[in-house]
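In what follows, a single structure is set out as structure tokens and then discussed.
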Amino acid sequence: MKKILLAGALLGASMSASAVAPGGPGCGWGNMVFEGKSGLPVHLLATIVNGTSGNATFGMTSGTNGCSTDGALTYNGSSLLSMNGVLEEVAHDVAMGEGEALTALSVSMGVEAQDREHFNAVLHNNFDSIFTSEDVTAAEVQANINAVLKADEALSKYSV
Amino acid sequence: MAPWRKWLVCLFVLISGFVTQAAVATTSSESTPLVFLAKHERWLALLHWNQGTTFRSRNKSYVTQESFFLSPHGRSDALSELNATVRALKPENSPERCRFPARYRFLSEHLGWSLAGAFDHCDEYQEWRAMVPDARVVLVFPAAYLNSPSSMFGHTLLRLDASDADDKGSWLSWAVNFGAVVDDEASMLYIYRGLAGSYPGYFSTVPYHTKIQEYAHLENRDMWEYPLTLNLEERQWLIEHLWELQDVRFDYYFLDENCSFRLLELMEVARPGSGLLTHFRFTEIPVDTVRAMIHADLVAGENYRPSKAVELKAIGAEMSRSERRLAQRLSKEPDYNQASFSELSVVKQRQVLKAAYELLRFQQRNKERDATAARHSMQLLRRLSAYPKSSDTKPIPPAPPEVGHGTKMVAVTGGALEGDGYGQLEYRWAYHDWFDPPQGFLAGAQIEAFRTKLRYDKNNRLQLQDLGIVDIRSLATRDAFVKPISWYVRGGIERIAVSGRYEVTTYIEAGPGLSWQWSAFRPYAFVAVRAEHHKQHQQYIEPGVGATVGALWHGPKGLVLGASAESFYFLRDEVRHQGRLTASLPVATHHALRLSTKHQAWRKKGDTEVELSWRYYFD
């Protein structure tokens, strides 16, 4: 009987309950590179309703493992950067000069399509002044990006 | 009663039914009679009505939450629910309108109600609706993930894009997911509860990039993205209905009423008559959902999003051995700048730095933040940023999952055991083994469930030869950068030689292993423990330990060859050896020929079996 149960465990549970191994992974990614010791405001999750209701649903992703708080699913530059794991991806893309995370950042900051290539290049050339250390926070990164944009004639209109 | 009389009775009932309906229709003051409207495909889809697609909750709604219904009989009476909905939604400023915008749209379409300003009093809904991206709907299929039982067959979710232009990036899209709320995944009850539907299932939305991180980065699952053909109006139906599903509880059944099935229902709301729910669906395997949606002309394209592990392997494959060593060194010493690095071309330098960074992140992916790794990562990025922008080479997409063979299988086999002929029938409920046609499946991943073999031997006996309840093997190959552990677990009933006598044996067997890949050749080795029971043993359960070595070779046109040798030693001083040779060749997408030979040996003696099978795959 136990064997059948075990078999069922491996099999029946299939078909994905959108599950992630509990406890760790969904959270771990967010704890990576640049997340500061002070603890970032994390607006990771939003549900259909903007409140507590659907939060339990995310027990399987990362809602209940202590890595997230509720937040509206809105993006302006700073709230995007403060999401779990995003800062790391953006840093990577800025270092490389392009990428999906960088595109998302430029879109969320309202950078128009014709300016995006220039935006990417300017950030790429200023990597050192934007990502000053591995302990940099999302708010600092946003401020540094603003400073860089302000100094650029074509992009200054996008600085907040 | 004569059969024709039965037909007459039947006909009479039908006719009288029409007459009654017609009578009701004429008394209705609305432009479309409600009795007919209550049977409208979209109305039933909005209520999540089971019209016979699955075997539970027939002729009523799947939703188990009372507040989803406005009539006390709403769950089992679609007409009563429609009447109650008409009453509740008709008044201007009705608060129910704010809860059921799709129902309102349905009524407005059929009863001539005005849509203009209908939701002016619904601030929360309006605010949400304005935020929801609606330029494109995409079906997303994260591929199989063997290390989690809940994701073994893959998963499906939807994505809502703010733009249908690909350059906008899907990071800002919304992921729409249906999932069970599980609080005790580690417990034994998990399986039972999952099968019995005692976990609640809810729809949810999260930023899509969290899904990319979860699947492609953490779990190393390739993702397939299929833009759908839904037009603006159909997308509106879907999104408005999503709002109606907030906080709405379904019972979650792992096998059929699961993440994939609910997506089919959403498609039916968006496009009634898509035919997705007209056939009985005993189980819903995610790749079948993809196929069903392709078949229903809902899919307009596809995009491959490789996992981090695949990307890392692709980078490594472009580098020489010494460059790979250099990358490993840089991942530990990011400042390293000796001649072996500085003498490389600029392109190579960048590639090695990039590999070092990706390797470091890959190693850290499941861990708590490590200060040293964080510092090293930042140093590598800083060095990388000094190089001009350039794109990485993208891994070549493998064959997409929907072109793979069917998920179910039957086989007929002719064989001989020590020269005595036999015939054999085999049925497998799911899904894929190492030798099945590999196209569209994750290489080296075997998931078999409910594999049954009945053998008819020369003594005219029909016997159960094999009942594999599960047989799962994860052959994850190791290279310079990625070093996963392979493993397997199998359990069931099999007829095997125990000290020379064939016995029906119940067993469970599992163990870790290692595997590698040299072009088309994949050698592997496992150690294993096994517990079994059969009538020869004194103890109720006999434990044993063993080891397996073998190799797979993937040839052209889906040809797979395999050789393996295993030995087990059991507590009661029994030894058992087995050698196998297998060759499999796809004949068409859903057909394959397999030739295999097996030698079982025990002290001083052994038996040889040879068989040829025709395997037919279907959904």
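Proteins come first, then strands; the chains are lettered A, B, ... in the order of their sequence lines, and each starts at number 1. Model, not experiment: these values are computed from the prediction.
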Before you tell me yes or no, could you show the steps for B:L172 and A:S108 under side-chain contact (heavy atoms from CB on, under 4.5 Å), namely the whole-Å CA-CA distance, both residues' side-chain angles and the distance that decides it to 0.1 Å? CA-CA 8 Å; B:L172 300 176; A:S108 73; 4.3 Å; yes

With a 4.5 Å cut-off on heavy-atom pairs, point out which of B:Q379, B:H376, B:R382 contacts chain A the most.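 With the most close heavy-atom pairs to chain A, the winner is B:R382.
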
Hey, mind stepping through B:L381 and A:F127 against side-chain contact (heavy atoms from CB on, under 4.5 Å) and telling me if it holds? CA-CA 9 Å; B:L381 285 186; A:F127 182 91; 3.6 Å; yes

Would A:E89 and B:Q213 count as a side-chain contact (heavy atoms from CB on, under 4.5 Å) if you check the C-alpha gap in whole Å, the side-chain angles of each, and the deciding distance to 0.1 Å? CA-CA 10 Å; A:E89 298 277 347; B:Q213 289 172 343; 3.9 Å; yes

When you look at CD of A:E153, are more than 12 heavy atoms from neighbouring residues, nucleotides or ligands closer to it than 6.0 Å?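 No, the 6.0 Å shell around CD holds no more than 12 heavy atoms from other groups.
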
Test of understanding: with salt bridge (Lys or Arg N to Asp or Glu O under 4.0 Å), list the residues that count as partners of B:D288, not counting sequence neighbours.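 Here the qualifying residues are B:R291.
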
Residues in salt bridge (Lys or Arg N to Asp or Glu O under 4.0 Å) with B:E358, at least two apart?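 By the salt bridge (Lys or Arg N to Asp or Glu O under 4.0 Å) rule, B:E358 matches B:K308, B:K354.
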
Identify whether the distance between the nearest side-chain nitrogen and carboxylate oxygen of B:R305 and A:E100 falls below 4.0 Å.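 Yes, charged N to carboxylate O under 4.0 Å.
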
Region of A:A101 in contact with chain B, defined by heavy-atom distances below 4.5 Å: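 Contact with chain B: backbone and side chain both.
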
Got A:D128 and B:S385 here, is their nearest side-chain heavy-atom distance under 4.5 Å?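 Side-chain contact under 4.5 Å: yes.
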
For residues B:M378 and A:E88, determine if any side-chain heavy atom of one lies less than 4.5 Å from a side-chain heavy atom of the other.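 Contact flag for B:M378/A:E88 side chains = no.
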
Walk me through whether A:V107 and B:W171 qualify under side-chain contact (heavy atoms from CB on, under 4.5 Å). CA-CA 10 Å; A:V107 170; B:W171 261 54; over 6 Å; no

What part of [X] lies closer than 4.5 angstrom to a heavy atom of chain A: side chain, backbone, both or neither?
X: B:R383; result: neither
X: B:Y387; result: backbone
X: B:P142; result: neither

So, taking the atom named CD in A:E98 and the one named NZ in B:K389, what distance separates them when rounded to the nearest 0.5 Å?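 Answer rounded to 0.5 Å: 5.0 Å.
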
